[in-house]
Structures are given as structure tokens and as C-alpha cells.
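Worksheet: one structure, shown below.
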Amino acid sequence: MRCAAEKIPVHHWSIPRDVWRAMEKEKEEKGGKAKKNASLDGVFEVMKGPQAFSRQEVLKNVAKLIACDDQALALADKALFRNCLVSMRPKSTSKDLPSTYDVGVFLHNEFIEHLKIVRESITTAPGLIVTTDDTWTCEVTKEPFMGMTGHWIDVDQRTGAWTLRSEVLGFKTLSGAHSGENLGRYFIGLCERVGIIQPNLSKLFTITLDNASNNTGLCETVERFHQKRNLGPWKASENQLPCLEHVVQLAIVDVMGHITKLAAIETTTAIWEYDPDLSDNRILNGSLDAVAAIRTLAIKMQASGQRIEYFDKLQIQCGISTPLKIPLHNNTRWGTAYMMMERAVKLRAAINLFVASADELFGHITTIRREGKIVKNIPWSAFKLGEADWNRVTDAKDILADSNRCLHYFSSDKRLTLWRALPAIEELQTAWEEKQKDPRFDIYQDAIQDGLDKLQKYYSKFDEKPNYVLALVLHPYYKLEYIRMAWGGAKEQQEEIKAGNKNARNWHAEAQDLVEATMARYWRTRPGATTSTDTPVPTNTPSPTDTPLASDRRQAQHGHLSDFDRWRETLIAEDETGWEEELRSYLKTVPKEVTKDTDIIEWWSKNQHKYPTLARIALDILPCQASSVPCE
């Protein structure tokens, strides 16, 4: 202590040898651990591992590796892999190491347990369950599958907090025809497996699918099933929701049909033998099909290591520090047309340099042969894009930018999307209509009009699907006022009638009627409410749709009503319309903190006691999916 106080360094020879060695060992351990943590910090995820050997833990982690890393089940039986496990615990025996069979059984049992948990969550969920569904065919084996996801809102019993749940409910091999009836049977089977449909109860609400005709048949099969089992009303016309990403993609395909002939070069032979000089491959009054040319160049330029290396070098020369690839457009991969055009415009200088020098460096871009004989050599220079051609590419990019932005609005299963349906489609329609008025896009008038016609085909059906309106009204930023301003109310209806449209509608009033009817229905079935199954309703009790005149007529028919009768009818009438004050309060309140991007689940979680009837509607409506992206 005296040496330390006077800052005299301690010589290690003054310390007993055993004490000194212990001090040095402790110092090395601390330093080594600190150095190790510093070197690995931020590189590896720190995971809490088992403290002792366990066969079950080894089996669990091997199964997790195989399932999560997309490995073959046979990995567990590979000698090299098993030797790795043994090297970590040399005294392991063959019984300690999981086999392929063990992993398969473990995964199956885990899946069964997962289904039990999901089924319990679904049966205890306070709201209804919405689903998305799609079918695929494996490109290699041609084996068909049906995929299905479920979405609902969990409510914490202790805190009352709402949580949006999204789960994979099935991925099943299909057998037989892909008819609506057969697909419907498979869909019902998956619903029964997880408890959405039970012997005397159905919690199924909406199904979001793409717009194939057999999916309409699927929903009609589900409707007939509900009728046959007396599971309550389920209408395919209302509860089948179209995939809005698919709708936008159909509009994109119609627009692209005028701008390019890409659809004609989808086969491998057509792609590799594409000749831009042929008259059949020219568009827009004989112009070069710049979009098809870009796609062909992207394929050919990225078809060999030498070409890729040269293209990367040109990009660096043009100021792009990290070389980029050109993604390929594919009609089945939504949004790829825009991505290809956007990337091509960005790499314009490098593409021009490549095409200008490729004939000398790599020879012809394509040599067409028939019966072993050369028919034609197509040079790279045939794909040279001039200023006008690049303008076409830029125009196509700008047109598709609007639709690509709309696609992203629906690409989520973690956030609510249905409320975006009306504003997003209207935003796209407005953007394309403005481009129609722009002289720059004069030659694309027909292309844009075809896209608008496709959007209108599905947009006109939105008023047949009440869930779109309800989802918008339940967003505290929009409510009913958006519909009045976007679609029109009484004033706009009168103006249209004066202009000659006898079928003009008051969209605001119709939306309000829908909301009020839904409120009345949920109010009658609220917890603790007396329904017709509990206490018979007297024949002279006014229904919610009765008018004062109808009540007076009944009074005349049945004679004078006593004071008690009138008092009782007043209470019943008040009970039937008790939701009105709640709705008025919600619609007239404009929360300052609410924006378009407000977390609606969290907002309703906090305001569920203030607006209890609307909150029950929100539990059912909000999880509805605007697209089948979760299933995709």
C-alpha cells in the first residue's frame, strides 16, 4: 500500500511466485475475453447456448439448421456433417446424433404443436379471421400447391393491447382439377384444420385472391358450404376481395402491350433470336421497340463472365463506383418492368458504350441457324438506341413509376393495407389521366387509356364490396369526409343530374347508410345485449327501420297504448339507436395527432373503450388484406 501511495512500481520478483502466476493468469483471462468480445462485437449474434449436452437440443438445432437454411433432410445422415458434430463432442455415440428420420419426425411434431397454438389463437380471437389464398405449380416437378395465410387481431387479456397476427395456415399439395369446386374443398379443409370453420360456427370473414375465374368458383363453393351447414351468412360477392396488386399489374400489362412486344418474346428461342430490325418487331409507327431491346441487351450482356466484366468496367468509367445489374422484366414478377427501365436509364451511358464496341470485342450478338446453316448474323449495333429510343425508355419508366408506387402500397402483411385501396387506385388513375393531357405522352394515349379502362373495370366494383368503405371510415384520418370530397355528395349528385346523368348517386349518403347499418347490426349483437333469441320481441315493438307514421298506424290498429307501453317502447327505441351518439362523436372528432401513417391498430387499441361498437367492427375489418402478397 505504501508503494502504491508513493507511486513506486511493484517488481514482480517481490511477489511470491504462486501469487504472481495467479495474478498473471487472471490478467490474461480478462484481457483475452475483452479482446475476443471486441473482435466479435457486431459480427456474430450472441446466443445463449445449452450448458450441458442434450440429445434433444442437438436434434432441435440440427432440425432448425435444415429447415431455416433450406438444407436437404439428408444432411443429417451425411458422414461429413456427423463428423462435425462428433468433433465438438468426441465421446458422442451414434445414438447421440440425429438421423434424417429423427429430423423429419421432429419437424412434423413441431408443426402439429404449432397448429394447436394457431388453432387456439384463432378460436379465442375476439374478431373474425381473414385469409389470403393462392396456388402455384412447381416449375421443375409440375406439382401443384395451395398456399393460405390467416390474419386477425389478438387482444391482450391483461392490458387490452391489440396486435395484428399473420400466420401461414397451410401449404398443401393439390390433386385433381383446378376447378373452383375442387379448390374450394381444399380451402375449406384448411379452414377446418385450424378452427376457422367449426361444426356449428364459422369465423371466416374475407378471402383475398387473384382475379382468376376459378377463384370466384372457390368462393362460391365456400358460400354454398356455409348455407348447407347453417353456419351463418357468407356472401362470395361481398367477402371475396380481388388482389389489388394483380389488378394494377393487369393494367400495366395493357399499357405495356402498346409500348413493347415483350409478350411475343417470352420463349427461350424467341429471346435469343430476337431481331429488332424485323418489321413485326417495330412499334409506335415503326420505331425501335426500345423496351424489348433493353431486355434482350440485359440478357446478352449478362450472359458471360467476359461481358459482365467489361460492362462493369464501363460502368466504373461512367462514374458508377459499384457496378449494377439490370433486372429482367417478367409479367409474373410484379414491378419488374419499372425496375428494368429505371436501371437501364441509370446505366444509359455504359449501355451505349458497350453496344458501340461489342461487335469488335465479342462478335455478333446472335447467329440464327436453320438446319445447321447460318441464316443471319445479328450485330450488336442493331440494338443501338438513339436519343428518340432513350426517350421511349424514359417515357415508359415515368408511366410505370406511378403504377409501381401503387404496387408498393399493398406489399405488406405486417401493416394494414385495405384502407389504402380507394385512395391508391384513385391516385394512380389521376396520375395517368394527367399524363394523357401532357403533350409529351401524346403517342401513348391509347396505351394509357387501356390501363385506365382496366383499373375502372375493378374500381367500379368497389361499391359492391362494403369492406373497402368501412376500412376507410375506420381510419381516423379519413373517415366519411374523404368519400364526400373524392366521390361526391348531394351537391355533386344534383350537378350530375342537371348535366344529364339520371343515374347519378350520392356516394356520401350511401357510405353513411352503410356505416349506420353496420353499426346497428353490431350494436344488436354487442355483449350483454338482449336479442330475439333471449326475449321475444313484441309484435308492436318498432323495428330500427320503422318510421313514426308506421308506429302511429300500429297504434290505431291495436288501440290506445298505456303510459307503461309507451315508456317501454321508448326504452327499446333508445336501445336500438344507442350507437348513434358514438358514431356522431367519432365522425366529428378530428384528432390532431393522427396522420395517414398513424398505426391504426395502436390507435384503436387506445380508443376501443371510447368507441366500443366501432372497435368491434374494426376487429373484423382492419385485418382484411388488399392483396394476396402475404400468400405470395
Side-chain angles (χ1 to χ4, degrees), residues 235 237-238 241-242 244 247-248 250-251 254-255 399 402-403 406 409 418-442 444-520 544-550 577 579-580 583-590 596 621 626:
K235 296 181 180 180
S237 59
E238 293 183 4
L241 301 182
L244 295 185
V247 169
V248 174
L250 292 175
D254 284 358
V255 171
I399 292 172
D402 301 320
S403 57
C406 188
Y409 289 153
L418 194 67
W419 67 267
R420 292 182 179 271
L422 296 175
I425 297 297
E426 288 164 0
E427 179 184 323
L428 177 56
Q429 288 175 314
T430 301
W432 279 357
E433 287 168 355
E434 289 177 355
K435 282 186 169 57
Q436 275 190 313
K437 301 174 185 177
D438 189 338
R440 172 189 161 194
F441 297 96
D442 279 345
Y444 306 106
Q445 290 290 320
D446 292 339
I448 296 175
Q449 188 58 52
D450 279 0
L452 288 170
D453 290 344
K454 183 68 71 175
L455 292 177
Q456 184 59 34
K457 174 184 175 182
Y458 291 93
Y459 180 79
S460 61
K461 297 178 181 179
F462 279 175
D463 57 310
E464 301 171 7
K465 312 278 186 182
N467 297 319
Y468 289 113
V469 172
L470 292 173
L472 195 61
V473 172
L474 288 169
H475 194 303
Y477 181 85
Y478 289 98
K479 302 185 181 180
L480 270 173
E481 281 306 297
Y482 176 87
I483 294 175
R484 182 183 65 79
M485 298 183 69
W487 292 11
K491 179 181 177 182
E492 290 74 13
Q493 181 188 29
Q494 292 301 318
E495 290 176 353
E496 287 192 39
I497 291 174
K498 291 179 181 179
N501 182 10
K502 297 181 179 179
N503 297 319
R505 298 165 66 176
N506 184 339
W507 293 107
H508 181 260
E510 290 187 20
Q512 183 152 355
D513 289 345
L514 168 65
V515 174
E516 291 177 355
T518 305
M519 286 284 289
T545 56
D546 278 344
T547 63
L549 183 60
T577 58
W579 51 266
E580 290 182 347
L583 180 60
R584 278 195 296 269
S585 173
Y586 172 73
L587 293 178
K588 74 179 182 181
T589 302
V590 182
K596 294 179 182 179
I621 297 292

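Values reported hereafter were calculated over all heavy atoms of this structure, with side chains retained and with hydrogens, waters and symmetry mates removed.
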Have a look at Y459 and tell me which of Q429, K454, E426 forms a side-chain hydrogen bond (donor to acceptor under 3.5 Å, both in side chains) with it.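 The passing option is E426.
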
Work out which heavy atom in [X] is nearest to a heavy atom in [Y]; give both atom names and the distance.
{"X": "A447", "Y": "V255", "answer": "O-CG2, 3.4 Å"}
{"X": "G451", "Y": "D254", "answer": "N-CB, 4.4 Å"}
{"X": "I621", "Y": "L418", "answer": "O-CD2, 4.4 Å"}
{"X": "A504", "Y": "E496", "answer": "CB-CB, 3.5 Å"}
{"X": "L480", "Y": "A511", "answer": "CD2-CB, 3.7 Å"}
{"X": "Y468", "Y": "A421", "answer": "CD2-CB, 3.5 Å"}

Just how far is it from atom [atom1] of [X] to atom [atom2] of [Y], taken to the nearest 0.5 Å?
{"X": "I425", "Y": "Y409", "atom1": "CD1", "atom2": "OH", "result": "11.0 Å"}
{"X": "H475", "Y": "L422", "atom1": "NE2", "atom2": "CG", "result": "12.5 Å"}
{"X": "E492", "Y": "I497", "atom1": "CD", "atom2": "CD1", "result": "12.0 Å"}
{"X": "L472", "Y": "F462", "atom1": "CG", "atom2": "CZ", "result": "11.0 Å"}
{"X": "E433", "Y": "L428", "atom1": "CD", "atom2": "CG", "result": "9.5 Å"}

So, the side chain of [X] versus the backbone of [Y]: is there a donor-acceptor pair under 3.5 Å, distance only?
{"X": "Q445", "Y": "Q436", "answer": "yes"}
{"X": "E516", "Y": "D513", "answer": "no"}
{"X": "K479", "Y": "T589", "answer": "yes"}
{"X": "W432", "Y": "I399", "answer": "yes"}
{"X": "K465", "Y": "S237", "answer": "yes"}

Evaluate the side-chain contact (heavy atoms from CB on, under 4.5 Å) criterion for residues Q512 and N506: first the C-alpha distance (whole Å), next the side-chain angles of each, then the deciding distance (0.1 Å), finally the verdict. CA-CA 10 Å; Q512 183 152 355; N506 184 339; over 6 Å; no

Would you say K435 and D402 make side-chain contact, with heavy atoms under 4.5 Å?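 They are in contact (side-chain heavy atoms under 4.5 Å apart), so the answer is yes.
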
Do the side chains of H508 and M485 get nearer than 4.5 Å, heavy atoms only?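 No - every pair of side-chain heavy atoms lies 4.5 Å or more apart.
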
Would you please classify the geometry between the Y478 ring and the W419 ring as parallel, tilted or perpendicular, with 30° and 60° separating the classes?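 Tilted.
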
Would you call K498 and E495 a salt bridge, using N to O less than 4.0 angstrom?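 Answer for the salt bridge query: no.
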
For salt bridge (charged side-chain N to carboxylate O under 4.0 Å, His left out), just list the numbers for K437 and E434, CA-CA rounded to whole Å, side-chain angles, deciding distance to a tenth of an Å, and then say yes or no. CA-CA 5 Å; K437 301 174 185 177; E434 289 177 355; over 6 Å; no

Show the numbers, then the answer: is there a side-chain contact (heavy atoms from CB on, under 4.5 Å) between K457 and L250? CA-CA 11 Å; K457 174 184 175 182; L250 292 175; over 6 Å; no

